[in-house]
Protein chains: 2
Amino acid sequence: MTKAERTREFIIEKTAPVFNMKGYAGTSLTDITEATGLTKGSIYGNFAGKDEVALAAFDHNLKAVQQIIGREMSSRESIKDKLLVYVDVYQNFLKYPFPIGGCPILNTAIEADDTHPVLKKKASDAIIKWKDSIAALIRQGIERKEFHAGHNPEQVALSIVALIEGGIMIAKVTGKVQFKKSIIDAVEHMINTLG
Amino acid sequence: MTKAERTREFIIEKTAPVFNMKGYAGTSLTDITEATGLTKGSIYGNFAGKDEVALAAFDHNLKAVQQIIGREMSSRESIKDKLLVYVDVYQNFLKYPFPIGGCPILNTAIEADDTHPVLKKKASDAIIKWKDSIAALIRQGIERKEFHAGHNPEQVALSIVALIEGGIMIAKVTGKVQFKKSIIDAVEHMINTLG
């Protein structure tokens, strides 16, 4: 890593939680200089502007989630247990090095709506990729005869993503964490009845 | 209705779709004067400020949704058919006089997060009231022996709300309406298997 690459990495690491908490559009250049202790000149020396930092910060937060999920899944044998990783991780953010501020996909999805088309595209791609990975696991489970053949993998995958993201959103607005817990318990039940 | 009441009502009706589309925080006083054709003085003569118009607009949009749901439910006999009203309405916004801009609860919930605590409280109350009405219907269905006794009305109600709101959110971000359709089909299946 060159010095420039290390500085870029440092800026991304320090600002990723700020973007995830305050919103990608809502984070100011001052927030970025405060989080990094660097000058505006130094930020602009490493990034074309705030938007480029925002995009890199989203990628960083998304990668953190994907690494947690991937690592947990690799230590589990059955497809059912692999799918239950989503339940464990989204039920217990704090047990894992989950991005501060919660699910970056949800935070970006609900915010980047029209303000930032490139970021919206990233959130959209992340949701579709997430849905596709769950659907692929369900198909694998059906092939291995671990799950019944009658399930619609696309629909179950979309429902799991909608329940998790809808559950986080409901808990956030109402301030009631038990609502998220109850909804993710329903995801667990859904996964347990696939086979 | 006094003239002042009629003017207030006129302002609310004209601005409700604007707030629902552009966001409650994102709608400017200029948007309000443009939508109504009234002067700033006239708006301030009828409302304390933009925030008060925003709150009244949210109430207006929410009432529109509740009236559609209430009207459809009253024409149906079984609890299952009453619950399926949510499927019909959220699957076919356009068939009903649904607020332009989509679900006002979702639009407000995801936006009013920290910017507007009174509006956030309204969105929170609306979600809890919605969840409570669904849970009450499920309990009634269990009492009438229309549904199996084993269901957890609170959990099923929360799951239905999470699926609908999560489904709309996913469709909005990805631009894929068929995702919402598939998720709401899953809600239909969930309701059909209650009994």
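All chains are named by letter (A, B, ...) in the order of the sequence lines, taking the proteins before the strands, and each is independently numbered beginning at 1. Everything numeric in this text was worked out from a predicted model, so none of it was measured.
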Between Val156(A) and chain B, with a heavy-atom cut-off of 4.5 Å, which part of the residue counts as in contact: side chain, backbone, both or neither?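 For Val156(A), there is no contact with chain B at all, as no heavy atom is under 4.5 Å.
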Can you tell me how far [atom2] of [Y] sits from [atom1] of [X], rounded to the nearest 0.5 angstrom?
{"X": "Ile160(B)", "Y": "Ile183(A)", "atom1": "CD1", "atom2": "CD1", "result": "11.0 Å"}
{"X": "Glu165(B)", "Y": "Met169(A)", "atom1": "CD", "atom2": "CE", "result": "5.0 Å"}
{"X": "Lys121(B)", "Y": "Thr174(A)", "atom1": "NZ", "atom2": "OG1", "result": "11.0 Å"}

Please classify the contact between [X] and chain A as side chain, backbone, both or neither, with a heavy-atom cut-off of under 4.5 Å.
{"X": "Leu158(B)", "result": "both"}
{"X": "Asp185(B)", "result": "both"}
{"X": "Val161(B)", "result": "both"}

Over all atoms of both residues, closest heavy-atom pair of Lys120(A) and Val173(B):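 Closest pair (atom of Lys120(A), atom of Val173(B), distance): CE-O, 3.6 Å.
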What are the two closest heavy atoms between Leu163(A) and Ser159(B), and how far apart are they?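 Smallest heavy-atom distance, with atoms named: CD2-O, 3.6 Å.
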What parts of residues 130-155 of chain A touch chain B if we use heavy atoms and a cut-off under 4.5 Å?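 Listed by number, the contacting residues are Lys131(A), Gln155(A).
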Determine which residues belonging to residues 74-104 of chain A lie within contact range of chain B, meaning some heavy atom pair is under 4.5 Å apart, and list them by number or answer 'none'.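 Contacts with chain B: none.
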Would you say Val177(A) and Ile168(A) are hydrophobically clustered, going by side-chain heavy atoms of ILVMFWY under 4.5 Å?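 No; tracing contacts between hydrophobic side chains, which count when under 4.5 Å, never links both residues.
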Do Ile11(B) and Val18(B) belong together in a cluster built from hydrophobic side chains that touch within less than 4.5 Å?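 No, separate clusters.
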Between Ile170(B), Ile105(B), Leu106(B), who has the most heavy-atom pairs with chain A when the cutoff is under 4.5 Å?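 Among the listed options, the one with the most contacts to chain A is Ile170(B).
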